[in-house]
Amino acid sequence: MRAFALHQPNSISEAIALLSGSPDCVPLAGGMTLLPTMKQRLAAPAAIVDLSKIPHLMEVAAEKDSLTIGAMVRHVSVTESGAIREKIPMLAALAEGIGDPAVRNRGTIGGSVANNDPSADYPAAVLGLNATIVTNKREIRADDFFLGLFQTALEAGELITALRFPIPLAAGYAKFKSPASRYALVGVCVARSAAGVCVAVTGAGPGVFRVPAMEAALGASFEPGALASIKIGAGNLASDIHGDAEYRAHLVTVMAKRAVAAAIHKS
Ligand SMILES: Cc1cc2nc3c(=O)[nH]c(=O)nc-3n(C[C@H](O)[C@H](O)[C@H](O)COP(=O)(O)OP(=O)(O)OC[C@H]3O[C@@H](n4cnc5c(N)ncnc54)[C@H](O)[C@@H]3O)c2cc1C
């Protein structure tokens, strides 16, 4: 592995100064993706900015209508947070289903969202719950953030500082997971708010996406049976050793129905 410099700033401003000082400098959250990537020689940054010494990035703040989760909040903390369990229990349940204990104890919500793995769970929740991605420079709507396979609207040197979630009236998440990694073969988040219903799918295609036909059907009748006749086209979906596109298309409807059932159960 190429030698690299390791910085451990104590504040966001210090981290930003380091990141903007060199184009070959990257942030490190829990290292769950970054370090294996470096070990495989797929990335070789000259410098790493470890975010784990910045207390502000680990905060969870509950407001009347929203929940703000710091970028460095680890999956296990999302699972255990009283505020998150009370305000958006779906998020706590989602985090509990990520990977294994080692991954949940190191991986972070900000690292997951920045990485935008096409099979990751959080992108579905961020899009489905209509969250806002808060960075050191601006606020980005979820609809504008996820641009495709491992691509986001983040610019070079831009740091996610927090995710702000509006409190939904009801929300559920269901995933059919790979038994080896627990990544989503297909995962569906369904959320109902005063603005309507949002359905976001991860794992099925090259990136997280919404399903307007399901949103309209659930807007008219928020129950699993409303999705019975809605079929997803397999054309743009992924095929791999875990399942072909037709299978994934079928799973989207099955998981969406389960997510609606979970949302009704939890609300
Ligand atoms: C064995 C295994 C199983 C897994 N199973 C699942 C699963 O079931 N479901 C799931 O959703 N995920 C799963 N993951 C992914 C895991 O949950 C992590 O969220 C993911 O790997 C990102 O890790 P991290 O938070 O440690 O970020 P890092 O690996 O530290 O960083 C990831 C990328 O994001 C950048 N980055 C980090 N933080 C920020 C920030 N604040 N702002 C801007 N850029 C940033 C880094 O520079 C890097 O490019 C699994 C991972 C492993 C290794």
Side-chain angles (χ1 to χ4, degrees), residues 4 6-9 12 15-16 18-20 22-40 42-54 56-59 69-79 91 93-127 133-138 140 145-146 150-163 173-189 200 202-203 207-208 242:
F4 58 88
L6 176 66
H7 303 287
Q8 294 193 303
I12 294 174
I16 297 305
L18 288 160
L19 288 166
S20 52
S22 157
D24 205 7
C25 180
V26 297
L28 171 73
M32 286 291 98
T33 291
L34 182 59
L35 296 186
T37 309
M38 291 170 65
K39 283 184 185 168
Q40 290 164 8
L42 297 171
I48 286 176
V49 177
D50 176 10
L51 306 176
S52 68
K53 311 287 182 213
I54 306 176
H56 182 59
L57 296 180
M58 289 157 210
E59 292 170 2
I69 304 178
M72 280 298 289
V73 173
R74 300 187 194 277
H75 308 327
V76 68
S77 303
V78 172
T79 300
L91 273 180
L94 176 150
E96 200 166 10
I98 291 176
D100 51 38
V103 171
R104 292 194 292 276
N105 276 284
R106 295 293 308 167
T108 66
I109 190 167
S112 175
V113 171
N115 195 46
N116 192 19
D117 187 298
S119 299
D121 297 295
Y122 276 123
V126 169
L127 188 62
I133 295 89
V134 183
T135 81
N136 60 304
K137 292 182 178 170
R138 55 192 169 139
I140 310 170
F145 183 80
F146 300 105
F150 296 106
Q151 299 296 313
T152 71
L154 287 176
E155 294 166 358
E158 188 170 12
L159 199 64
I160 299 177
T161 56
L163 287 306
Y173 180 71
K175 79 166 161 176
F176 190 89
K177 59 190 175 206
S178 154
S181 68
R182 276 84 157 191
Y183 272 110
L185 205 59
V186 168
V188 181
C189 171
T202 188
V208 63
H242 304 294

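When a residue number appears, it is its place in the shown sequence, counting from 1. Note that ligands are numbered from 1 as they come in the structure, with each ligand's atoms numbered from 1 the same way. Since the model is a prediction, treat every value here as computed from it, not as a measurement.
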Residues Arg104 and Glu96 bridged, charged N to O under 4.0 Å: no
Only heavy atoms count here, so choose which of Pro45, Gly70, Ala114 is nearest to atom 36 (N) of ligand 1. Ala114
Would you check if there is a donor-acceptor pair between the side chains of Ser52 and Asp50 at a distance under 3.5 Å? yes
Check each heavy atom of Ala71 against ligand 1 and say whether those closer than 4.0 Å belong to the side chain, the backbone, both or neither. side chain
Heavy-atom distance under 4.5 Å between the side chains of Leu159 and Leu19, does that happen here? yes
Need the ligand 1 atom indices (1-based, order shown) with element for anything under 4.0 Å from a heavy-atom of Gly107. 25 (O), 26 (O)
Near Thr33 (heavy-atom distance under 4.0 Å), the atoms of ligand 1 are 20 (C), 21 (O), 22 (C), 23 (O), 29 (O)
In short, Glu158 meets Thr135 closest at the heavy-atom pair OE2-OG1, 2.7 Å
Does any N or O of ligand 1 fall below 3.5 Å from an N or O anywhere on Thr108, backbone included? yes
Considering only protein heavy atoms, which is closest to atom 8 (O) of ligand 1, and at what distance to one decimal place? Arg182 O, 2.7 Å
Around atom 24 (P) of ligand 1, find the nearest protein heavy atom and jot down its residue, atom name and distance. Gly30 N, 3.7 Å
Looking at Ala29, which atoms of ligand 1 are within less than 4.0 Å of one of its heavy atoms? 25 (O), 27 (O), 30 (O), 37 (C), 38 (N)
Within the 4.0 Å heavy-atom cut-off, what His75 brings close to ligand 1 is side chain
Among protein heavy atoms, which lies nearest atom 23 (O) of ligand 1, and at what distance? Met32 CB, 3.4 Å
Between Ala120, Gly111, Pro27, flag the one that comes closest to atom 48 (C) of ligand 1 by a heavy atom. Pro27
Please examine the side chains of Pro123 and Ser112, heavy atoms only from C-beta on, and report whether any two atoms are closer than 4.5 Å. yes
Quick check: Leu34 and ligand 1, any N/O pair under 3.5 Å apart? yes
Min side-chain heavy-atom separation Ser119-Leu185 under 4.5 Å: no
Minimum side-chain heavy-atom gap Val49-Val26 below 4.5 Å: no
Heavy atom of the protein closest to atom 28 (P) of ligand 1 (residue, atom name, distance): Gly31 N, 3.6 Å
To the nearest 0.5 Å, how far apart are CD1 in Ile69 and CG in Leu163? 6.5 Å
Considering only protein heavy atoms, which is closest to atom 41 (N) of ligand 1, and at what distance to one decimal place? Ile160 O, 3.0 Å
Who's the nearest protein heavy-atom neighbour of atom 2 (C) of ligand 1, and how far? Val103 CG2, 3.4 Å
So which bit of Asp121 gets within less than 4.0 Å of ligand 1, heavy atoms only: side chain, backbone, both or neither? both
With heavy-atom distances below 4.0 Å as the criterion, list the atoms of ligand 1 near Lys175. 8 (O)
Among all protein non-hydrogen atoms, which one is nearest to atom 4 (C) of ligand 1, and what is the separation to 0.1 Å? Tyr183 CE1, 3.6 Å
Flag the pair Arg182 and Asp100 as a salt bridge only when some basic side-chain nitrogen lies within less than 4.0 angstrom of an acidic carboxylate oxygen. no
Non-hydrogen side-chain atoms of Val113 and Phe146 separated by less than 4.5 Å: yes
Do His56 and Ile12 have side chains that get closer than 4.5 Å, going by heavy atoms? yes
Is Gly99 in polar range of ligand 1, meaning some N or O pair under 3.5 Å apart? yes
Atoms of ligand 1 less than 4.0 Å from Ser181 heavy atoms? 3 (C), 4 (C), 5 (N), 8 (O)
Within reach of ligand 1, part of Leu51 (heavy-atom separation under 4.0 Å): side chain
Could you tell me whether the side chain of Phe145 reaches within less than 4.5 Å of the side chain of Val126, counting heavy atoms only? no
Rounded to the nearest 0.5 Å, the CG atom of Leu34 sits from the CD1 atom of Ile48 at a distance of 5.0 Å
